[in-house]
Amino acid sequence: MPPAASTCSNPKPLHARLLRSGALFAARSAAAPLAAAASLASLPYALSLLRAHPSTFSYNSAIRAISRGPRPHLAISLYRSMLSHNNYNYPPLLAACARIAASSSSAAGAAVHASLFRRGLESPERFIRASLLSFYAAAGDLPAARQVFDLSPAKHRDLPLWNSLLHAYLSNGLYVQVLRLFRRMLDADEVTLLALLSACAHLGALHTGRWLHAYLARTCCIPITKYLGTALLNMYMRCGDVQSAWSVFHATRHKDVRTWTVMIAGLAVNGFSTDALTLFREMKDRGIHLDSITLTAVLSACAHAGMVDEGRRILHRMSVDHHLQPTIEHYGCAVHLLGRAGRLEEALALIRAVPLKADVALWGALLVACRCHKNVEMGQMVAMEILRLDPQHAGAWVFLSNVYAAAGKWDLVQEVRSSMKEHGIHKPPGSSVVELDGVVYEFFSGDHSHPQSDQIYAMLDEIGKTLSLKGHKPATKGVTFDIDEEDKEVCISEHSEKLAVAFGLLNTRRGDVIRIVKNLRICEDCHYVMKVISEVYDRVIVVRDRNRFHHFKNGSCSCLDYW
DNA sequence: TTAGGGTTAG
């Protein structure tokens, strides 16, 4: 990894130091960190420096530093400015191409691959393959990435190549495949573990995540660096195990901005917003540098807990207090914060006042708030606005359909439905996942495919009886403003998380926590039912839905019914 | 001198 060039805004003190000590002339490699720092500060300065101290290593450091910065295409220009090239230039060049491909076009990377091919390097040297594979992964072309791997002779499939493949699947959202690939690997290092932990975090696979943590503890050759510490605590947080996340946080020695940010974001999403803000204050008090993402996490903490004043203050003061301009992400959190707290007009005014182009996510946050607070009029306007920007937006279509259905305007409902069909829009089916002894069980709404299905439905009947004794009536009728909840055609009592919790009750012991990961937002009825089950069956139930965690215990939820 | 830990919203 190159030196901390990205944090060095002025390379001149380093330049002066190297000149004074004579190090710049003593070793060719001494110019490399300086070149990296200089290339981020001023390209002409970097060029003059590189011409005075030319070496592959220095050029590569500069190319890599630029590729990680805000203008990665300049890395290509720098590469072109070199008088001669060699094979060692390919990895940083391809890294730059990967960054460019992720945000705009994969043409540059494809041209590099073509040049490799022309030079007879279609089966390029070992250290180029991993970079090539990563480029295709960043470009979203997983088949091409896979081909780089498959065409490599087995003896050349080294650990970096395997790791690149893991990260290719990871960055394309194929988390289960990441864990499967690992079973075929003979070796693992820090980078492997980073990919595996991230996959577990996305899947909510706590059992596997814990196993990996134990594996790390057993394998003394992989020290728990700040990278692994951060990945570990992210995994625990995203699996709803806040206690373990705290232990890892305290045990991680060299925390950086990402470590703190993961902790703050994790606390927020698990319903511990006050702790998140306390940690944020501690971070500031300790003088730890924070960035735009940290503030996004802090604003999300405010949004999850309805801390309107605090959130508004942070948003308005961020340019003064932290020299950071609010981005669309920050405004998104603020709209969510205001809208969810019922301040719909204020949220709308904010969207209109945002100096950036309002995107679908901003309007989407407001749409969710309109649904929540049953503001039909504004909701309709917002849905139309969203559909103008993105005609494929399923949530907006479903919202309109529900509003028209509630008003009995069946001709309009029909119109919406045929428009949806025309645009090829379908809602994903609701599903819930439970992990039991390392095996993942997935349930869909109204699912009868599980071998224990009869017992599961019998259990649901039993739960239903308890609920009716408590006077509960399932919210199957009335106006529905859901945009993400599961189809109403499927009986509400057969929602996937209810099947999952029944399965959990049947197959775990008293005292075991039942952990469910759901792909959509939990609906109101399921939320209520979970609370009752946690009390009647004396169980802790942790549900991760699309937005956040719900820790159900003794009849109440950590979100305090605010979600 | 190949691979790499973090955020919102939907």
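First the proteins, then the strands, lettered A, B, ... as listed; each starts at 1. No hydrogens, no waters, no symmetry mates; every other heavy atom, side chains included, goes into these values.
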Is there a side-chain contact between A:Y169 and A:R146 (heavy atoms, below 4.5 Å)? yes
Considering only heavy atoms from C-beta outward, does the side chain of A:P91 approach that of A:R64 to under 4.5 Å? yes
Among [options], which nucleotide has an atom closest to any side-chain atom of [X]?
X	options	value
A:V191	B:dT2, B:dG4, B:dT7	B:dG4
A:A365	B:dA9, B:dG6, B:dA3	B:dA9
A:T230	B:dG4, B:dG5, B:dT2	B:dG5
A:D256	B:dA3, B:dA9, B:dG5	B:dG5
A:T261	B:dA3, B:dA9, B:dG6	B:dG6
A:A361	B:dT2, B:dA3, B:dA9	B:dA9
A:C333	B:dT8, B:dA3, B:dT2	B:dT8
A:E329	B:dA9, B:dT7, B:dG10	B:dT7

Would you mind reading off the distance between [X] atom [atom1] and [N] atom [atom2], rounded to a whole angstrom?
X	N	atom1	atom2	result
A:L133	B:dT2	CG	P	15 Å
A:L212	B:dG4	CG	C1'	16 Å
A:N163	B:dG5	CG	P	11 Å
A:R68	B:dG4	CZ	C1'	9 Å
A:L362	B:dT7	CG	P	19 Å
A:H254	B:dG6	NE2	C1'	19 Å
A:Y227	B:dG4	OH	P	12 Å
A:L389	B:dG10	CG	P	16 Å

Is it the case that the base of [N] and the side chain of [X] share a donor-acceptor contact (distance under 3.5 Å, atom types as modelled)?
X	N	result
A:T296	B:dT7	yes
A:E190	B:dG5	no
A:D291	B:dG6	yes
A:T259	B:dG5	yes

Under 3.5 Å: donor-acceptor pair, side chain of A:T225, backbone of A:L228: yes
By the 4.0 Å heavy-atom rule, please label [X] as base, sugar-phosphate, or nothing.
X	answer
A:T192	nothing
A:R238	sugar-phosphate
A:D359	nothing
A:V335	nothing
A:S134	sugar-phosphate
A:V262	sugar-phosphate
A:F57	sugar-phosphate
A:N60	nothing

Within less than 4.0 Å of OP1 or OP2 of B:dT2, is there a side-chain N or O belonging to A:R64? yes
Kindly say if A:H336 contacts the phosphate of B:dA9, meaning a side-chain N or O under 4.0 Å from OP1 or OP2. yes
Under 6.0 Å from the six-membered ring centre of A:F149 and within 45° of its axis: does the NZ or CZ of A:R129 meet both? no
Carboxylate-amine/guanidinium contact A:K284 A:D321, below 4.0 Å: no
In terms of side-chain geometry, is the basic nitrogen of A:K226 or A:D256 positioned less than 4.0 Å from the acidic oxygen of its partner? yes
How are the rings of A:Y136 and A:H113 set relative to one another: parallel (under 30°), tilted (30 to 60°) or perpendicular (over 60°)? perpendicular
